[in-house]
There are 2 protein chains.
Amino acid sequence: MSINADTKDRILATARELFHGRSYADVGIKEICTLANVQKGSFYHFFPSKQDLAMAVIDDMSDDWAQGFVAEAFDEALPPIERLDYMVDAIYYWQKAAKSAEGRMPGCLFGNLALEVSTRDEVLRARLNAVFDKASASFHKALEQAVELGEMPPLDTAATATAMLAYLEGVILLAKTRNDPEVVRILGPAIKSIRIE
Amino acid sequence: MSINADTKDRILATARELFHGRSYADVGIKEICTLANVQKGSFYHFFPSKQDLAMAVIDDMSDDWAQGFVAEAFDEALPPIERLDYMVDAIYYWQKAAKSAEGRMPGCLFGNLALEVSTRDEVLRARLNAVFDKASASFHKALEQAVELGEMPPLDTAATATAMLAYLEGVILLAKTRNDPEVVRILGPAIKSIRIE
DNA sequence: CCTTGACTTGACCGACCGGTCTAATATACT
DNA sequence: AGTATATTAGACCGGTCGGTCAAGTCAAGG
């Protein structure tokens with residue numbers, strides 16, 4: 001192991017921050033390298049291409065989510081419907097914190113990337129799709145349990161789960177465009193009203 | 001008037017198509033000029049910058065919408081709630097047609113641009129915000145009338161209108177990521193279930 | 001000690017970016 | 001006809017892009 005075993009991690013963390021705060025196309029490898037204190041050669045030692053970096057960033061963020069507040073929000077100990085509110089709250093506080101730290105609401109990295117690259121890069125699109133599928137599955141489980149527990153009248157849980165995810169992404173999109181996290185707080189809770197029979 | 005009085009229009013139409021089908025950053029002025037059969041000098045005669053072009057494209061598309069299917073969908077002759085379904089249908093058929101023509105679902109130009117540029121360009125962000133506000137207003141009017149006519153129990157019509165717009169954008173985002181317009185058809189109608197009291 | 005191979009350095013590459021500029025050309029007005 | 005003005009043409013600019021590469025440095029294994 002080298003003394004700089006964390007080089008790859010630094011690249012990853014820096015890229016993630018920059019991609020999230022701006023966009024894929026706007027952030028160059030040179031900039032990532034500079035901020036991560038890494039030389040270009042080292043970068044290309046770890047990542048064969050910018051696309052590969054993007055995939056790594058997506059996977060990295062996805063893992064962090066799965067182990068982070070998404071795991072908390074969809075904790076089976078919580079009543080299913082409360083999980084939805086937890087998720088909305090988590091997003092709200094996160095975006096609010098990000099805005100006060102950097103002045104701008106970054107929105108959802110996955111949503112941002114999806115709209116930016118999915119017409120141009122099939123590989124990344126597929127990756128992002130998988131992330132959305134996984135997220136949708138969390139909603140699905142919560143809905144199934146809600147129905148099972150009688151907390152919610154029966155419905156098409158799979159379709160509704162996807163619709164809820166879509167709603168969340170849409171709310172974040174609008175909030176980002178307004179650069180106002182309050183949009184999430186105001187519109188977010190209506191996620192519970194969405195129903196597909 | 002010059003024999004090529006439509007030069008500006010050709011630039012605009014080409015840029016709109018390219019921005020919509022790909023992204024703002026991915027499309028260069030040179031490419032727009034080539035496809036529009038215009039030279040760079042002419043381009044910069046009509047548009048002082050790429051940013052100005054983007055604004056013009058946003059305005060152009062927004063006007064087309066306002067006079068096109070959005071006007072039809074939100075026609076006051078239609079029962080308010082049917083307007084929502086009309087809107088969803090219109091989006092579905094549009095995206096489906098675009099996909100079979102070009103192989104890819106382009107999604108919503110405004111949503112695409114919003115996520116791509118709103119952290120980087122305040123001017124464009126403001127413009128996109130205005131477009132969303134205008135769209136939200138159409139929903140708002142429909143909801144107000146629905147409540148008035150007793151077709152819908154009273155609710156916070158303004159917030160719900162924005163929520164519906166957010167939902168639509170989210171559905172389009174997901175559909176684009178899946179490159180599958182059917183997502184719009186399946187999830188779209190649930191827009192009517194969204195409620196903010 | 002010497003080799004191996006992972007890692008780093010930074011110069012370098014061609015392509016392309018948004019944007020500028022000068023000169024030519026077409027049109028409209030007097 | 002002559003002149004002003006709008007439009008077009010396309011070479012050109014500095015800068016940046018993603019990516020390559022040859023030349024190293026350095027720690028671990030034999």
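Sequence lines set the chain letters: A, B, ... in the order given, protein chains first and strands last, and positions in each chain run from 1. Only heavy atoms go into these numbers, but all of them, side chains included; no hydrogens, no water, no symmetry mates.
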Colleague: Without decimals, in angstroms, what is the distance between Tyr44(A) OH and dA23(D) P?
Modeller: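 After rounding, the reported distance stands at 22 Å.
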
Colleague: Expressed as a whole number of angstroms, how long is the span from Asp26(B):CG to dC16(C):P?
Modeller: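 It is 13 Å, rounded to the nearest whole Å.
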
Colleague: With heavy atoms under 4.0 Å as the rule, sort Lys50(A) into base, sugar-phosphate or nothing.
Modeller: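 Contact class for Lys50(A): sugar-phosphate only.
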
Colleague: Mind calculating the distance between CG (Asp6(A)) and C1' (dT8(C)) to the nearest angstrom?
Modeller: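 Rounded to whole Å, this separation is 14 Å.
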
Colleague: Under 4.0 Å, counting only non-hydrogen atoms across every strand here, what does Gly41(B) touch: a base, just sugar-phosphate, or nothing?
Modeller: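 Since a base atom lies under 4.0 Å of Gly41(B), the category is base.
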
Colleague: When you measure from the side chain of Gln39(A), which nucleotide among dT9(C), dT8(D), dG19(D) comes out closest?
Modeller: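 Closest nucleotide to the Gln39(A) side chain: dT9(C).
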
Colleague: If you measure from the Lys or Arg side-chain nitrogens to the Asp or Glu carboxylate oxygens, is any gap between Glu151(B) and Lys192(B) under 4.0 Å?
Modeller: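 Salt bridge absent between Glu151(B) and Lys192(B).
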
Colleague: So does Thr7(B) get a side-chain nitrogen or oxygen closer than 4.0 Å to the phosphate oxygens (OP1/OP2) of dT8(D)?
Modeller: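 Yes, within the criterion.
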
Colleague: Of all the choices, dC17(D), dC7(C), dT8(D), which nucleotide is nearest to the side chain of Lys30(A) once you look at every atom?
Modeller: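 Looking only at heavy atoms from C-beta outward on Lys30(A), the closest nucleotide is dC17(D).
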
Colleague: Under a 4.0 Å N-O cut-off, is there an ion pair linking Arg127(A) with Asp121(A)?
Modeller: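 So Arg127(A) does not pair with Asp121(A) through a salt bridge.
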
Colleague: What's the CZ-P distance between Arg22(A) and dT16(D), to the nearest Å?
Modeller: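 Rounded to whole Å, this separation is 13 Å.
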
Colleague: From the options Tyr167(A), Phe132(A), Phe74(A), select the one residue that forms a ring-ring contact (aromatic ring centres under 6.0 Å, His included) with Phe139(A).
Modeller: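 Only one option passes, and that is Phe74(A).
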
Colleague: In whole angstrom, give the distance that lies between atom OH of Tyr24(A) and atom P of dC17(D).
Modeller: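 Taking OH of Tyr24(A) and P of dC17(D), I get 13 Å after rounding.
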
Colleague: Thinking salt bridges, do Glu122(B) and Arg104(A) make one under a 4.0 Å N-O criterion?
Modeller: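 Salt bridge between Glu122(B) and Arg104(A), a charged N being under 4.0 Å from a carboxylate O: yes.
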
Colleague: In whole angstroms, how far is the C1' atom of dT7(D) from the NE2 atom of His45(B)?
Modeller: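 In whole Å, dT7(D) C1' lies 5 Å from His45(B) NE2.
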
Colleague: For Ile29(A) and dC12(C), what is the distance between atoms CD1 and C1' respectively, to the nearest whole Å?
Modeller: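 Ile29(A) atom CD1 is separated from dC12(C) atom C1' by 16 Å.
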
Colleague: At less than 3.5 Å, do the side-chain atoms of Lys40(B) and the base atoms of dG18(C) form a donor-acceptor pair?
Modeller: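 Side chain to base: pair present.
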
Colleague: Taking 4.0 angstrom as the limit, do Asp180(B) and Lys99(B) come out as a salt bridge?
Modeller: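 Answer for the salt bridge query: no.
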
Colleague: Separation of Phe43(B) atom CZ from dT20(C) atom C1', in whole Å?
Modeller: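 In whole Å, dT20(C) C1' and Phe43(B) CZ are 13 Å from each other.
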
